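Heads up, the thing below is written out as structure tokens.
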Amino acid sequence: MKGLLENKNCVVTSGAHGMGYAIARLFALQGGRVAICGRDPSGRESGEELNRIRPGCFFIPCDLGDMDRTAAFGDAVLEKMGHVDVLVNCVGVNKREYVDQIDLDTYDALQNVNLKSAIVLIKKFVPVMMRRGIRGSIVNISSIHSVAPTPVTGAYAATKGGMNALTRVLAAETGQYGIRVNALCCGWVATTYIQRDLKALEGDREGQYAYLDGMRDSAPCLSPARAEDIAGHALFLASDMSAYITGAVLMDDGGASLQTHACEFPEPEDARDMRRRYFDTILEGFGE
Amino acid sequence: MIQDDFNHDRMLPGRHILLAGYRGLLSRAFAEALKKHGARVSEAYLPPAEDFDRALEDMKDPADGLIWLVPPVRYVLIPDAAPEDIRRLTDQCLLGLHAAVRRVLPGMREKRGGTLVAVTSDYALTAVPGTAPYAAACAAVNAYIRAAAVEWSRYGIRANTVMCGFSAADNGEEYERLHGEEAPDAFRRYQPLERAGTAEDIIGAALFLSSGMSDFMTGESLPVDGGAMIVGHSQVWHPKGQPAFVFPRKEDRA
């Protein structure tokens, strides 16, 4: 059976861990040749695992906060693959500061990683798509913070808001080439930080349930999202299933941004059991 | 949640889908596609309301998903829009949806899961002359679906909308009437992807929203419109005029 991304050349930034890895893994399972990058050299293991799933996948260490290294990553990908069909800009770093206290050097660093690195890679891959008539797809991972503000996330929110605007403009510019550009604004996702906290509660299943229950009201949907949920949405946007969608900035937050004030939800009598079964899928995904 | 053995050719195996609303080219394409993807399909269309009500009543098994189709647009300026036409449109788009949702909701609550997908129009968000009644009806459906998404989320029920741009599926005659021989050129002026949507484009989005591939997405409206909403619709009503902004053509790029 052919996968949705059969023989497509895919790039997933920050694809060695967490949400990026879940996306890269699903793309590989769907037949894509996936290049991932990340700062930590241990990403090599992730690259090897992807290559076991789908030969042709690889990891290149890259600090996406360094534009020269990011450009070099782009060059290395083009040298190995020739062209890119799918680019997922998945990297995101945050620093909690009030806007009136933002350290400007920190702000620059966030901007470099979260937005400028995407522009550097777009400059590498999109002209090749245009020249070769490749009807590529770019998926930008943005954040609920870009539309539903939370205190002390101003710098991060600004970079993700910029990502949303970039998505629309690039979509308008490249549509005539058949290239599509879309974004996913993610809410709470059970990845690195949550996994770390759950690991600290290893052996204490009730404690792990209580920890996850603390996020219960962060969204109407059972929360937090699993990285594999976001991966499914990224696959949809990367593939021809979404062939007529471009310039879309989609809320991928379990409905969190719809809630304007606290409210009572109708709940089934076995709501607690439902939540625990859902939490089990998160814990199993983390090998707990 | 998407599994490792996800098969995009068979996305709804064993699911019972109620396909309801407007009967036309799109509904026929949907019925065929849903069955190809392994779903068992019940159908309920209006008008006429009696057939619709009977079909809902006759549905034996609880549905796992609802796909609701609004009718295609008919352009009419506000002075020419009769109140009874608006009432008919509201009945078809919103009251019909409400009846269908009330029919499927008990079963979904029992099963602790289900999907509601309304296929509406990007006119719910854009402003184009001649679309006031239709836009209002589509916006009402979008708002209803958003509220349903939040209201029944704790039962594992998700609700989303597919907002269609111009689709050749049911809009062909209306578009030809509006633009005549300039119809193909209009796409190049107001849609980044420079083509009409197809039934397959719409069905792809609805399949995504009706399956586990879209778990955790709820209350969202997917714009399946070739990017029309991001560049504005102002050129549509002035087929012989000049658009306000012309994107650089690829032939002219350095």
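Throughout, a chain's letter reflects where its sequence line sits, starting with A, and its residues are numbered from 1. It should be emphasised that the depicted structure is a prediction, and the values quoted were computed from it without experimental measurement.
We find the CD1-CE distance between A/I230 and B/M217 to be 7.5 Å, quoted to the nearest 0.5 Å. With values rounded to the nearest 0.5 angstrom, A/F265 atom CZ is found 13.0 Å from B/Y155 atom OH. Interatomic distance, CD1 of A/I245 versus CE of B/M163, reported as 10.0 Å (0.5 Å rounding). Separating the CD atom in B/Q3 from the CG atom in A/L26 is a distance of 10.5 Å, to the nearest 0.5 Å. Note that CZ of A/F236 is 13.5 Å distant from NE2 of B/H8, once rounded to the nearest 0.5 Å.
Residue contact with chain B, scored on non-hydrogen atoms closer than 4.5 Å, involves the backbone and the side chain of A/L4 alike. With a 4.5 angstrom heavy-atom cutoff, A/M1 touches chain B only via side-chain atoms. Both the backbone and the side chain of A/M251 come within contact range of chain B, each with at least one heavy atom under 4.5 Å from a heavy atom of that chain. With a threshold of 4.5 angstrom between heavy atoms, A/L250 approaches chain B through its backbone and through its side chain. Contacts between A/R180 and chain B at a heavy-atom distance below 4.5 Å involve the side chain alone, from C-beta outward. Interface remark: A/A243 contributes backbone and side-chain atoms alike to the contact with chain B (heavy atom separation under 4.5 Å). The contact between A/R168 and chain B is made by backbone and side chain atoms together, counting heavy-atom distances below 4.5 Å.
Ring-plane geometry between A/H233 and B/F208 is classed as perpendicular, the angle between the planes exceeding 60 degrees on a 0 to 90 degree scale with a lower cut at 30.
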Any chance you could lay out the side-chain contact (heavy atoms from CB on, under 4.5 Å) test for B/I2 and A/Q30, step after step, and finish with the verdict?
CA-CA 11 Å; B/I2 203 165; A/Q30 287 292 311; 5.8 Å; no
Pair B/R112, A/E269 - check salt bridge (charged side-chain N to carboxylate O under 4.0 Å, His left out), show working. CA-CA 11 Å; B/R112 304 292 192 263; A/E269 57 274 8; 3.5 Å; yes
Practice task
Quick one: do B/D215 and A/E228 satisfy side-chain contact (heavy atoms from CB on, under 4.5 Å)? Show the steps, please.
Solution key: CA-CA 9 Å; B/D215 272 350; A/E228 291 77 11; over 6 Å; no
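Counting heavy-atom neighbours within 6.0 Å of A/E267 CD, excluding the residue itself, gives a total above 12.
A side-chain donor-acceptor contact under 3.5 Å links B/R154 to the backbone of A/P220. Checked by atom type and distance alone, the side chain of A/Y244 never pairs as donor or acceptor with a backbone atom of B/D201 at under 3.5 Å.
Note on B/D4 versus A/R25: salt bridge recorded, some NZ/NE/NH1/NH2 to OD/OE distance being below 4.0 Å.
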